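Report on one structure; see the data block that follows.
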Amino acid sequence: EYASVVLLNERDSSMVKGVGAMTSANGSFSITAPYGNYLVRVTFMGYKPFVSDSIVRLGAQHQSVALGKIAIEPSEERLPMCCRMCQVWP
């Protein structure tokens, strides 16, 4: 819940400025973006970043795209000690 979702430019994987969203508690999200070809990146603390394998194409013929379920995997990296300690303090 509450993952960050951004669009990346297809040609260089740079983040599209001003285009992104946070997911709702059930994982859904909606992004408004100009026509173009994009990759989708989803990030959430403690999980590996997800980047779509396929290009999302937005245009006159495809003004909306349903991506279905996106699964993200837990990260094997450990949080620094200061972050772990903050999580247990009231």
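For clarity, every value in this text was computed on a predicted model and none was experimentally measured.
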Smallest separation among heavy atoms of Ala21 and Ser30, with atom names: CB-O, 3.7 Å
Val16 reachable from Val56 in the ILVMFWY side-chain graph, under 4.5 Å edges: yes
Test side chain to side chain contact (heavy atoms under 4.5 Å, CB included) applied to Ile72 and Val42, step by step: CA-CA 8 Å; Ile72 56 176; Val42 179; 4.3 Å; yes
Do Lys48 and Pro74 have side-chain heavy atoms sitting under 4.5 Å apart? no
Under the side-chain hydrogen bond (donor to acceptor under 3.5 Å, both in side chains) test, which residues partner Ser28, sequence neighbours left out? Ser24, Asn26
Hphob cluster co-occupancy, Leu7 + Leu67, side-chain heavy atoms under 4.5 angstrom: yes
Residue pairs fulfilling salt bridge (charged side-chain N to carboxylate O under 4.0 Å, His left out) with at least one residue in residues 14-23, sequence neighbours excluded: none
Grouping I, L, V, M, F, W and Y whenever their side-chain heavy atoms are under 4.5 Å apart, do Val19 and Val51 come out in a common cluster? no
List the residues meeting side-chain hydrogen bond (donor to acceptor under 3.5 Å, both in side chains) with Asp12, not counting sequence neighbours, and say none if there are none. Ser14
Using the rule that Ile, Leu, Val, Met, Phe, Trp and Tyr join whenever any side-chain heavy atoms are under 4.5 Å apart, tell me whether Ile31 and Leu8 fall into a single cluster. no
Do you know the tightest heavy-atom contact between Met15 and Val6? SD-CG1, 3.8 Å
Listed once per pair and sorted, the ring pair (Phe, Tyr, Trp, His ring centres under 6.0 Å) pairs that draw on residues 47-69, sequence neighbours left out: Phe44-Tyr47
Whether the side chain of Thr23 engages the backbone of Phe29 through a donor-acceptor N/O pair (distance < 3.5 Å, no angle test) should be reported. no
N/O donor-acceptor pairs under 3.5 Å from side chains in residues 32-41, not counting sequence neighbours:
{"residue": "Tyr35", "atom": "OH", "partner": "Gln63", "partner atom": "NE2", "Å": "3.4"}
{"residue": "Asn37", "atom": "OD1", "partner": "Arg57", "partner atom": "NH1", "Å": "3.4"}
{"residue": "Asn37", "atom": "ND2", "partner": "Glu10", "partner atom": "OE1", "Å": "3.2"}
{"residue": "Tyr38", "atom": "OH", "partner": "Pro34", "partner atom": "O", "Å": "2.7"}

